[in-house]
Peer 1: 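Sharing a structure here in structure tokens format.
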Amino acid sequence: MSDMQDNGHHHDHDHAHGHRHPFQPDLEDGDYSYYQVMTEAVIELLVGKKVITAEELRSTIEVIDSKSPVFGARLIARAWVDPAFKARMLEDVISAAGELGIDAGAIPIRAVENTTAVHNVIVCTLCSCYPRSLIGLPPDWYKARAYRSRVVREPRAVLKEFGTQIPVDVEVRVHDSTADLRYMVLPARPSGTGDLDEEALADLVTRDCMIGTALPKSA
């Protein structure tokens with residue numbers, strides 16, 4: 001899908017309705033979907049046929065669940081201190097990650113840079129496509145239908161609910177991730193951090209900064 005913008009149609013009124021993030025029901029609240037049933041059936045078949053073991057399945061899930069934002073934060077910290085690296089990262093995230101010994105996977109990832117004129121935010125309007133290898137596991141609200149639909153229609157209102165106020169003269173761009181292309185936000189380096197090294201800068205970068213629903217805090 002192509003990038004979507006708010007195109008100047010700003011909706012700055014608050015739709016929090018008493019909670020900060022969209023409600024995400026427990027999976028057990030509803031019946032199993034067709035795909036969940038199929039997943040369970042395939043797992044049982046693979047284990048039963050000894051194609052994989054239960055331990056191999058468990059360890060793979062453990063690796064997936066252990067992903068954190070630390071690798072993405074390292075990339076951003078390096079981009080903040082090295083303009084040439086930032087240019088390469090904006091050109092090819094996976095290749096830039098490889099320079100730091102980080103395996104970002106095989107699915108293309110595009111970094112979108114926040115500037116004084118543009119603020120970026122990412123979403124997956126169909127499900128929860130997301131660069132887990134760099135940002136970690138997606139939060140429940142990222143997968144919620146409310147976020148997936150509203151951030152496209154009224155991004156400023158959604159960002160406001162996260163406590164992120166974007167000036168009216170700054171353009172908000174919403175980028176829709178797919179199974180074939182993931183996005184991550186390259187936030188602007190906060191002021192007052194000129195004397196910090198890369199490690200300290202990386203500590204300022206959070207998961208939500210790389211989604212675009214938050215801004216990195218000054219040291």
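The first residue of the sequence shown is numbered 1, and numbering continues consecutively from there.
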Peer 1: At their closest point, which heavy atom of F85 faces which heavy atom of L100, and how far apart are they?
Peer 2: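 For F85 and L100, the tightest heavy-atom pair comes out as CZ-CD1, 4.0 Å.
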Peer 1: Identify whether I107 and I94 are in the same connected component of the hydrophobic contact network (ILVMFWY, side-chain heavy atoms under 4.5 Å).
Peer 2: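 I107 does not cluster with I94.
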Peer 1: With a 4.5 Å limit on heavy-atom distance, are the side chains of V121 and V185 in contact?
Peer 2: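 Side-chain contact under 4.5 Å: no.
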Peer 1: Considering residues at least two apart in sequence or located in another chain, which fulfil the side-chain contact (heavy atoms from CB on, under 4.5 Å) criterion with T53?
Peer 2: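 By the side-chain contact (heavy atoms from CB on, under 4.5 Å) rule, T53 matches E55, E56.
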Peer 1: Nearest 0.5 angstrom please: C127 SG to K143 NZ, how far?
Peer 2: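 Going from the SG atom of C127 to the NZ atom of K143 covers 11.0 Å.
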Peer 1: Under the criterion side chain to side chain contact (heavy atoms under 4.5 Å, CB included), I'd like the reasoning laid out for R110 against L181: C-alpha separation, chi angles, the key distance, then a yes or no.
Peer 2: CA-CA 7 Å; R110 180 177 298 168; L181 177 63; 4.0 Å; yes
Peer 1: Could you check whether any side-chain N or O of T193 sits under 3.5 Å from a backbone N or O of L196, counting only pairs where one atom can act as donor and the other as acceptor?
Peer 2: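 Not at all, since once roles are kept as given, no pair shorter than 3.5 Å links the two residues.
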Peer 1: Grab the two heavy atoms, one from S133 and one from I109, that are nearest each other, plus how far apart they are.
Peer 2: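 In this case the closest contact between S133 and I109 is OG-CD1, 4.3 Å.
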Peer 1: I'd like to know if the side chain of T164 reaches the main chain of K160, judged simply by a donor and an acceptor atom lying under 3.5 Å from each other, with no hydrogens or angles considered.
Peer 2: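 Side chain of T164 to backbone of K160, a donor-acceptor pair under 3.5 Å: no, none is there.
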Peer 1: Does a side-chain heavy-atom distance below 4.5 Å link I211 with P139?
Peer 2: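 Heavy-atom side-chain distance check passes, below 4.5 Å.
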Peer 1: What verdict does the side chain to side chain contact (heavy atoms under 4.5 Å, CB included) test give for H175 and V123, after you've listed the backbone C-alpha separation in whole Å, the side-chain angles of each residue and the deciding distance to 0.1 Å?
Peer 2: CA-CA 6 Å; H175 303 269; V123 67; over 6 Å; no
Peer 1: NZ of K217 to CG of D203: how many Å apart, nearest 0.5 Å?
Peer 2: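 Interatomic distance, K217 NZ to D203 CG, rounded to 0.5 Å: 15.5 Å.
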Peer 1: Under 3.5 Å, side-chain donor or acceptor atoms of residues 40-48 against the rest of the protein: list the pairs with distances, not counting sequence neighbours.
Peer 2:
none

Peer 1: Is it the case that the side chain of S177 and the backbone of R182 share a donor-acceptor pair, with hydrogens and angles ignored and the cut-off at 3.5 Å?
Peer 2: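 Answer holds: no.
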Peer 1: Is the centre of the W141 ring less than 6.0 Å from the centre of the F162 ring?
Peer 2: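 Close enough - the centres of the two rings lie under 6.0 Å apart.
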Peer 1: Please, which pairs that meet ring-ring contact (aromatic ring centres under 6.0 Å, His included) have at least one residue in residues 194-213, sequence neighbours excluded?
Peer 2: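 Pairs touching residues 194-213 that pass the test: none.
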Peer 1: So P190 and L204, do their side chains get closer than 4.5 Å, heavy atoms only?
Peer 2: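 Result yes, sub-4.5 Å side-chain heavy-atom pair found.
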Peer 1: Taking the side chain as every heavy atom from C-beta outward, state whether M89 and E113 have any atom pair closer than 4.5 Å.
Peer 2: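 Not in contact.
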Peer 1: Can you see which heavy atom on I135 is nearest to which on M184, and at what distance?
Peer 2: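 So the two residues come closest at CD1-CB, 3.9 Å.
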Peer 1: Once side-chain contact (heavy atoms from CB on, under 4.5 Å) is applied, do any residues pair with P167, and if so which ones, sequence neighbours excluded?
Peer 2: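 For P167, the residues satisfying side-chain contact (heavy atoms from CB on, under 4.5 Å) (neighbours in sequence not counted) are D169, V170.
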Peer 1: Tell me the closest heavy-atom pair linking A79 and L186, and the distance in Å.
Peer 2: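 It is CB-CD1, 4.1 Å.
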Peer 1: The criterion is side-chain contact (heavy atoms from CB on, under 4.5 Å); which residues satisfy it with E91, sequence neighbours excluded?
Peer 2: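 Partners of E91 under the side-chain contact (heavy atoms from CB on, under 4.5 Å) test: none.
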Peer 1: Who are the side-chain contact (heavy atoms from CB on, under 4.5 Å) partners of A87, not counting sequence neighbours?
Peer 2: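 Checked A87 against side-chain contact (heavy atoms from CB on, under 4.5 Å); zero matches.
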Peer 1: Of the non-hydrogen atoms in S149 and A146, which two are nearest, and what is the gap between them?
Peer 2: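 Taking S149 first and A146 second, the nearest heavy atoms are OG-O, 3.4 Å.
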Peer 1: Looking at E154 and R156, does any basic side-chain N land under 4.0 Å from a carboxylate oxygen?
Peer 2: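 Salt bridge flag = no for R156 with E154.
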Peer 1: Do Y147 and T125 have side chains that approach each other closer than 4.5 Å (heavy atoms only, starting at C-beta)?
Peer 2: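 No - every pair of side-chain heavy atoms lies 4.5 Å or more apart.
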Peer 1: Nearest heavy-atom pair of V81 and P83: which atoms, and what distance?
Peer 2: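 In terms of heavy atoms, the two residues are closest at O-CD, 3.7 Å.
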Peer 1: So, does N114 use its side chain to make a donor-acceptor pair with the main chain of A188 at under 3.5 Å?
Peer 2: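 Side chain of N114 to backbone of A188: no pair is present.
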Peer 1: Do P187 and W80 come close enough that some side-chain heavy atom pair is under 4.5 Å?
Peer 2: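 They are in side-chain contact.
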Peer 1: Heavy-atom distance under 4.5 Å between the side chains of T178 and L126, does that happen here?
Peer 2: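 No, side chains not in contact.
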Peer 1: Please name all residues satisfying side-chain hydrogen bond (donor to acceptor under 3.5 Å, both in side chains) with R207, sequence neighbours left out, ordered by chain then number.
Peer 2: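 Applying side-chain hydrogen bond (donor to acceptor under 3.5 Å, both in side chains) to R207 gives none.
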Peer 1: In chain order, what residues pass the side-chain hydrogen bond (donor to acceptor under 3.5 Å, both in side chains) check against E198, with sequence neighbours excluded?
Peer 2: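 For E198, the residues satisfying side-chain hydrogen bond (donor to acceptor under 3.5 Å, both in side chains) (neighbours in sequence not counted) are R78.
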Peer 1: If you measure from CG on D208 to OG1 on T213, what distance do you get to the nearest 0.5 Å?
Peer 2: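 Answer for the CG-OG1 pair, D208 versus T213, is 3.5 Å.
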Peer 1: Does anything in residues 109-137 pair up under ring-ring contact (aromatic ring centres under 6.0 Å, His included), and if so which pairs, sequence neighbours excluded?
Peer 2: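 For residues 109-137, and leaving out neighbouring residues, the ring-ring contact (aromatic ring centres under 6.0 Å, His included) pairs sorted by first residue read Y130-Y142.
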Peer 1: Is there a side-chain contact between L134 and V93 in this structure, where contact means two heavy atoms from C-beta onward sitting under 4.5 Å apart?
Peer 2: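 A side-chain contact exists here, since the closest heavy-atom pair is under 4.5 Å.
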Peer 1: Could you list the residues that satisfy side-chain hydrogen bond (donor to acceptor under 3.5 Å, both in side chains) with Q165, not counting sequence neighbours?
Peer 2: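 In terms of side-chain hydrogen bond (donor to acceptor under 3.5 Å, both in side chains), with neighbours along the sequence ignored, Q165 is linked to no residue.
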